[in-house]
Amino acid sequence: MNNNPTLHDVAKAAGVSVATVSNVMNGKKGQVSEKTKAKVEAAVESLGYQPNTYARQLKSGQSNLVAFIVPDQNPFFTDILNGLTTVCLEYNLQVIVISSEESEQRQNELIDLFVKQRVNAIVLAPVSSHLTLKDEWKKTPIVTVDRTIETSDVPSVTVNNQAAGYQATKHLLELGHTSIAILLANPKISTTTHRQAGYEQALMDNQLTVDARLMSFSDDKLGTEAQIRSGYLATKQWLTSKDAPSALIATNYLLMIGALQAFKELDIQIGKDISFIGFDNSHWNEIYSPAITVVEQPASKLGECAAQLIIEMNNDELATSVELSTHLAIRASCAKKNER
């Protein structure tokens, strides 16, 4: 095990986030209270933390670059990038980000490219739960984020997606909704299958039959714009049908944008004509009228944890997968069925 304390160790000892420790270390005093600053400084002194010691430990011929391969232009991954970059900079690591646009071929070509360039590590949001690691790839630390692959050799940083899907569905059921539609992404990725499982379990726990007609997958609609359009088309089809659902869940940001486009076009009033839950928080979710109920994911924390796994793997430590919790931010976009 490495005896040099890390930024993560300081954050844990002080009871604050890695970003807060970084702000203190970089002299951004205006962003941190004097009480918090004192706690961080005490933890630094107690642990004997020395910033940037990792920079001197880079393996021969290895660059100080970390490649972050995202599947699309979902702002959720930008938030992950913020956390990833915050920690990496403390270790003199620079992060470069590029999109695979949900193409498995492009994803694998990018991994090949970065491995040949001897990047320090690769953080990957994989386009599929199946990924065969080439022998040459195994020389470079690889961490998956948001999504998992069925390979025990690759550690992951995720949220409990089944619990997230269950919690969102349960909230609508408690409001009296029994016809709940769900927009799902590519069924080849773990986030989709786990969120679907949570949705189905919540229905079955309430003695409701799972209706495949109320589930839409974007399996043949890959990439940023295609996912938005998938959400739009499915929502429009549901809401113009004879038996329109009374509630809808969009399980990622892009699908949520597509659903909102359909609501606007059809003049559907959220919270009145339909109850709606999205995924991933942003400032506009709160200022949108009505404010949108969303499943909040700790995106920045996902990035911080991914960076910490990179450091551990480069120090030949055992890197263990991390699973974080989500939070349902309840706002005005959901109402009791009898109040609609």
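Note that the structure is predicted; figures quoted are calculated from it, not measured. Numbering of residues begins at 1 and proceeds along the displayed sequence.
In terms of heavy-atom proximity, A11 sits nearest to V21 at CA-CG2, 3.6 Å. In terms of heavy atoms, N314 sits closest to P141 at ND2-CG, 3.8 Å. The minimum heavy-atom distance between S190 and T193, with the atom names listed, is O-OG1, 3.1 Å. Residues N120 and T140 approach most closely at O-CG2, 4.4 Å, considering heavy atoms. Taking all atoms of both residues into account, the shortest heavy-atom contact from S99 to L110 is O-CD1, 4.1 Å. Taking both residues in full, the closest heavy atoms of A335 and G271 are given as CB-O, 3.4 Å, listed atom of the first, atom of the second, then distance.
Within the 4.5 Å cutoff, the side chain of I96 has heavy atoms near those of the F114 side chain. The shortest distance between side-chain heavy atoms of Q201 and T169 does not fall below 4.5 Å. Within the 4.5 Å cutoff, side-chain heavy atoms of R106 are placed close to those of I98. Here the side chains of L89 and Q94 are in contact, with some heavy-atom distance below 4.5 Å. Contact annotation: the side chain of V95 never approaches that of L93 to less than 4.5 Å [non-hydrogen atoms, C-beta and beyond]. Contact annotation: the side chain of S325 never approaches that of N160 to less than 4.5 Å [non-hydrogen atoms, C-beta and beyond]. Side-chain contact between T78 and V97 is absent, with no heavy-atom pair separated by less than 4.5 Å. With contacts defined as side-chain heavy-atom distances shorter than 4.5 Å, the pair L239/L248 does not qualify.
Side-chain N or O atoms of S241 include one that pairs as donor or acceptor with a backbone N or O of W238 at under 3.5 Å. Counting only distance, with no hydrogens or angles, the side chain of N252 and the backbone of L255 share a donor-acceptor pair below 3.5 Å. Listed for the S63 side chain is a donor-acceptor partner under 3.5 Å among the backbone atoms of R118.
In the hydrophobic cluster analysis, where Ile, Leu, Val, Met, Phe, Trp and Tyr join through side-chain heavy atoms closer than 4.5 angstrom, L113 is grouped apart from L133. Linking Ile, Leu, Val, Met, Phe, Trp and Tyr residues whenever their side-chain heavy atoms come within less than 4.5 Å places I180 and M204 in a single cluster.
Rounded to the nearest 0.5 angstrom, L302 CG and D79 CG are separated by 10.0 Å. With rounding to the nearest 0.5 Å, the separation of CE in M313 from CD1 in I142 is 8.0 Å. Separating the OG1 atom in T235 from the CZ atom in F263 is a distance of 5.5 Å, to the nearest 0.5 Å. Interatomic distance, H194 NE2 to R147 CZ, rounded to the nearest 0.5 Å: 12.5 Å. For the atom pair CG of L172 and OG of S246, the computed distance is 8.0 Å after rounding to the nearest 0.5 Å. With rounding to the nearest 0.5 angstrom, the CG atom of D72 is 10.5 Å from the CD atom of E225.
Each of V115, V143, V66 was evaluated against I122; a single residue qualifies, V115, per the side-chain contact (heavy atoms from CB on, under 4.5 Å) test. When each of N74, T224, I228 is tested with I257 by the rule side-chain contact (heavy atoms from CB on, under 4.5 Å), just one qualifies, namely I228. Screening D146, N281, T191 for a side-chain contact (heavy atoms from CB on, under 4.5 Å) involving Q297 leaves a single residue, D146.
Other residues, nucleotides and ligands place more than 12 heavy atoms under 6.0 Å from the CD atom of E323. Around the NZ atom of K134, the shell of radius 6.0 Å holds more than 12 heavy atoms that belong to other residues, nucleotides or ligands.
When ring centroids are compared, F76 and F279 stay outside the 6.0 Å threshold.
Remark: D205 engages no residue in a salt bridge (charged side-chain N to carboxylate O under 4.0 Å, His left out) (not counting sequence neighbours).
Between S275 and H177, the side chains place a donor N or O and an acceptor N or O closer than 3.5 Å (distance only, hydrogens not considered). Residues N186 and E102 have side chains that never bring a donor and an acceptor to within less than 3.5 angstrom of each other. Side chains of E265 and Q261: no donor on one and acceptor on the other come within 3.5 Å.
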List the steps, then state whether salt bridge (Lys or Arg N to Asp or Glu O under 4.0 Å) holds for K37 with E41. CA-CA 6 Å; K37 180 173 177 288; E41 290 175 344; 2.6 Å; yes
Run the numbers on E304 and Q308 for side-chain hydrogen bond (donor to acceptor under 3.5 Å, both in side chains), then give the verdict. CA-CA 6 Å; E304 292 176 6; Q308 188 58 39; over 6 Å; no
